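One structure below.
Computed over heavy atoms, backbone and side chain alike; hydrogens, waters and symmetry mates excluded. Computed from a predicted model, the values in this text were never measured in an experiment.
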Amino acid sequence: MKIGEFAELAGVSKRTVDHYTNIGLLEPERSASGYRFYGKADLEKILLIEQKKTEGLALEEIKAELGATPLQTDSAELIGKKMETIQKELDEVLHLLKKTDLDQAAIKLEISHEKLAMLQSILHLFS
């Protein structure tokens, strides 16, 4: 997929994808005309990078860690953790809906745009 679609699925900006590519965190395939194409492995990797950032790691630390650990294991763990978080949020939504009307539930429920984008990415990975 091209950078725009990839960035959207990852829940980051195209500028972020460019930066990660320029510093060597992402290594997309290149077409003969120079276009960058990102695949499923790149999506798993950027989700891991974003998770590591939320854990407080600097990009240089993440780059070093990615070079030292198997990506597939980390990605599977990341997806598992995200799915647990999503399940907890869904349980909260169901609980709120049972207790209140939709307007009140919408006010009480605070799901960030980042979590929503992550949910969309995870759902895309499994579809």
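For Lys53, the salt bridge (charged side-chain N to carboxylate O under 4.0 Å, His left out) partners two or more places apart in sequence, or in a different chain, are Glu50. With sequence neighbours left out, the side-chain hydrogen bond (donor to acceptor under 3.5 Å, both in side chains) criterion links Glu55 to Gln51. Glu29 pairs by the side-chain hydrogen bond (donor to acceptor under 3.5 Å, both in side chains) definition with nothing, not counting sequence neighbours. Glu61 meets the side chain to side chain contact (heavy atoms under 4.5 Å, CB included) test with Leu57, Ala58; sequence neighbours excluded. Contacts of Lys2 classified as side chain to side chain contact (heavy atoms under 4.5 Å, CB included), with partners at least two apart in sequence or in another chain: Phe37.
To the nearest 0.5 angstrom, Thr21 atom OG1 is 7.5 Å from Arg30 atom CZ. Interatomic distance, CD1 of Ile46 versus CG of Leu25, reported as 9.0 Å (0.5 Å rounding).
Using a 4.5 Å cut-off on side-chain heavy atoms (C-beta onward), Ile49 and Leu66 make contact.
Residues Tyr38 and Val17 approach most closely at OH-CG1, 3.3 Å, considering heavy atoms.
Counting only distance, with no hydrogens or angles, the side chain of Thr16 and the backbone of Val12 share no donor-acceptor pair below 3.5 Å. Between the Lys52 side chain and the Lys63 main chain, no donor and acceptor come within less than 3.5 Å of each other.
Salt-bridge check for Arg36 with Asp42: failed, with every basic side-chain N at 4.0 Å or more from each acidic carboxylate O.
Annotation: ring pair (Phe, Tyr, Trp, His ring centres under 6.0 Å) contacts involving residues 15-36, sequence neighbours excluded, are absent.
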